[in-house]
J.: 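My questions all concern the structure below.
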Amino acid sequence: GLSLQYHQTHTMALRFEVLGRFNRARAARLTLPHFLCETPLFMPVGTQGTIKGLTTHQLEEIGCQIILGNTYHLALRPTSELIDDLGGLHKFMNWPRALLTDSGGFQMVSLLHLADITEEGVTFQSPVDGKPMLLTPEESIQIQNRIGADIIMALDDVVKTTITGPRIEEAMYRTLRWIDRCIAAHKRPKEQNLFGIVQGGLDPVLRDICVQGLVERNLPGYAIGGLAGGEDKDSFWRVVAQCTASLPESKPRYVMGVGYPLDIVVCSALGADMYDCVYPTRTARFGTALVPEGVLKLKHQSMADDTRPIDSTCECMVCKNYTRAYLHCLVTKDAMGSQLLSYHNLYYMLQLSRNLHSSIIEGTFPNFVCDFLKKMFPEGD
Ligand code: GUN
Ligand code: ZN
């Protein structure tokens, strides 16, 4: 076709080498401009240029390789122009490793119910002064070029998977039209990788058209969007399985907004490579710790005199130094409580990613998945 090919006009700023496979699962090395990452890869989510409660030094300490920043938040404050003037987001937040920014449209639609999508872009009311604003594909890319992340995301038209009808089809075709505007607007392809986003709701025909359309553009990587919005697990996994089956083997695959530890294990088995989710840090702020058995609620009265660590098998700084009783005492009364829980929860997610990577390489992936499931569902349900 006459579609605009990314790789024809742009060089790619990444290398993706699959080091091992087990059926559809892959373990790879993803070389980005600022860091060499290993997949499966979990990306903690930051908003205002920070992961709430953790310093960038602590993030390095727990082996975090890449973090996600939100274009929408950063563009409002401190603004992308200021970040650019101050030398880019890496320097601004003192994070030497990799960064990814989302395009902003999804955040507007999910945070601001007043957002309205037209062919031009996403219109919304500025939360700063209430003025109507328009985020076009061109502007999203320009902002992300100023912020300077290793991976930038195309502006997509996102609709909830729980709605049905012609709106799903319209959003998918619009996402395909917008990808060409994003490719044309991208001014730093030697330093930043533009990923396209597959939309199409739960409809396999629409998902397939979107995958084919994006693959023709030869982008450096592909995301599967529009999930984790309340659809049932079966439909969610089916969409991921379908998309990973037809996306190129040689490019990274990123499932957006996912997820829970179980989702990451399942999606990795289905051939996905990258994930982001606010869950580990958000749930920490509500006093919940992630453990192999599922979750541990530190607020619960039974924790008050429990001298064990959160998880005796965890090697993180929190589990080495603090008891459940101490954390129970902190968790609602001091910011340190949510900081320590966030630290442990992110360590848990990053360790899960590392275990997935090494078990795929070593050929022990099925055993790893079995052990994971047995601990999480001891009754076999
Ligand atoms: N975050 C979670 N899901 C999505 C999606 O479908 N699109 C974008 N841009 N970001 C997301
Ligand atoms: Zn721990």
Side-chain angles (χ1 to χ4, degrees), residues 3-4 6 10 45-49 68-86 88-89 92 99-149 151-161 163 165-189 192-201 210 213-214 217 219 223 225-226 229 256-257:
S3 66
L4 184 54
Y6 184 92
H10 298 332
V45 182
T47 38
Q48 328 286 352
L68 188 145
N70 275 318
T71 299
Y72 165 76
H73 294 96
L74 294 167
L76 289 170
R77 196 172 56 105
T79 77
S80 62
E81 287 86 352
L82 184 59
I83 292 174
D84 195 9
D85 289 346
L86 300 180
L89 185 58
F92 184 61
L99 282 168
L100 179 150
T101 46
D102 198 357
S103 47
F106 174 80
Q107 283 72 29
M108 284 179 200
V109 175
S110 60
L111 297 176
L112 311 170
H113 300 285
L114 303 169
D116 182 40
I117 302 176
T118 63
E119 193 58 26
E120 256 190 293
V122 184
T123 319
F124 64 105
Q125 266 193 338
S126 162
V128 177
D129 56 11
K131 275 192 207 144
M133 294 179 62
L134 173 69
L135 183 74
T136 61
E138 290 78 10
E139 202 170 29
S140 172
I141 299 301
Q142 184 184 36
I143 292 168
Q144 293 187 81
N145 279 164
R146 290 196 200 107
I147 293 172
I151 297 173
I152 64 176
M153 301 304 299
L155 188 69
D156 52 346
D157 185 353
V158 192
V159 287
K160 285 205 171 76
T161 42
I163 75 155
R167 179 69 187 101
I168 302 276
E169 181 169 351
E170 178 191 53
M172 185 280 287
Y173 281 112
R174 182 170 287 146
T175 297
L176 278 182
R177 289 191 295 275
W178 284 359
I179 190 67
D180 289 326
R181 291 170 57 187
C182 291
I183 294 171
H186 185 18
K187 296 291 180 282
R188 300 185 58 202
Q192 297 181 283
N193 300 286
L194 172 65
F195 280 26
I197 306 173
V198 180
Q199 294 293 344
C210 201
L214 291 176
R217 268 77 172 181
L219 293 151
M256 305 191 83

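Values below: all heavy atoms of this structure, side chains included; hydrogens, waters and symmetry mates excluded.
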J.: To the nearest 0.5 Å, what is the distance between OG1 (Thr118) and CG (Leu134)?
T.: 6.5 Å

J.: Within a reach of under 6.0 Å around CD of Glu81, are more than 12 heavy atoms found that belong to other residues, nucleotides or ligands?
T.: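 Check passes, neighbour count above 12.
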
J.: Work out which heavy atom in Trp178 is nearest to a heavy atom in Val122; give both atom names and the distance.
T.: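 Answer, listing the atom of Trp178 first, then Val122: CH2-CG2, 4.4 Å.
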
J.: With side chains defined as the heavy atoms from C-beta onward, is the minimum distance between Ile179 and Leu219 less than 4.5 Å?
T.: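 Counting from C-beta outward, Ile179 and Leu219 do come under 4.5 Å.
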
J.: Whether the Asp102 and Gln107 side chains hold a donor-acceptor pair (N or O, under 3.5 Å, no angle test) is what I'd like checked.
T.: yes

J.: Could you tell me the separation between the OG1 atom of Thr101 and the CD1 atom of Ile147, rounded to the nearest 0.5 Å?
T.: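 Spacing of OG1 (Thr101) from CD1 (Ile147) equals 5.5 Å.
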
J.: For the CG atom of Asp156 and the CD atom of Gln199, what is their distance to the nearest 0.5 Å?
T.: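 Rounded to the nearest 0.5 Å, the CG-CD separation comes out at 5.0 Å.
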
J.: What residues, two or more places apart in sequence or in another chain, satisfy side chain to side chain donor-acceptor pair (under 3.5 Å) together with Arg177?
T.: Glu119

J.: Decide yes or no for Ile151 and Gln192: does some side-chain heavy atom of the first lie under 4.5 Å from some side-chain heavy atom of the second?
T.: no

J.: Working to the nearest 0.5 Å, report the span between CE of Met108 and CG of Leu135.
T.: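 So the gap between those two atoms works out to 4.0 Å.
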
J.: Roughly how far, to the nearest 0.5 Å, is the CG atom of Leu155 from the SG atom of Cys182?
T.: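 Result: 6.0 Å between the selected atoms.
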
J.: May I ask you to decide if Asp157's main-chain N or O and Thr175's side chain share a donor-acceptor pair within less than 3.5 Å?
T.: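 Here the side-chain-to-backbone pair exists.
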
J.: Can you confirm whether Asp116 sits close enough to Gln125 that some side-chain heavy atom of one is under 4.5 Å from a side-chain heavy atom of the other?
T.: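 They are not in side-chain contact.
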
J.: State, yes or no, whether a side-chain contact exists between Pro78 and Phe92 at a heavy-atom distance under 4.5 Å.
T.: yes

J.: Counting neighbours of CZ on Arg77 that are heavy atoms of other residues, nucleotides or ligands and sit closer than 6.0 Å, is the number greater than 12?
T.: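 Atom CZ in Arg77 is not packed in, count stays at 12 or less.
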
J.: Donor-acceptor pair, distance only, cut-off 3.5 Å: does the side chain of Asn145 make one with the backbone of Lys187?
T.: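 Indeed, once roles are kept as given, a pair shorter than 3.5 Å links the two residues.
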
J.: For Ile168, enumerate each residue passing the side chain to side chain contact (heavy atoms under 4.5 Å, CB included) test, keeping only those at least two apart in sequence or located in another chain.
T.: Val159, Ile163, Leu206

J.: Looking at Glu138, Arg146, Gln144, which one forms a side chain to side chain contact (heavy atoms under 4.5 Å, CB included) with Gln142?
T.: Arg146

J.: Any luck finding a side-chain donor-acceptor pair between Thr136 and Glu120 under 3.5 Å?
T.: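 The criterion, which ignores hydrogens and geometry beyond distance, is not satisfied for Glu120 and Thr136.
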
J.: Is the backbone of Ala75 close enough, under 3.5 Å, to the side chain of Thr79 for a donor and an acceptor to pair up by distance?
T.: no

J.: Please report the shortest heavy-atom distance between Tyr6 and Leu194, naming the atom on each side.
T.: OH-N, 3.4 Å

J.: How long is the gap from CZ on Arg217 to CD1 on Ile183, to the nearest 0.5 Å?
T.: 6.5 Å

J.: Under the salt bridge (charged side-chain N to carboxylate O under 4.0 Å, His left out) rule, what pairs show up with a residue in residues 123-132, not counting sequence neighbours?
T.: Asp129-Lys131

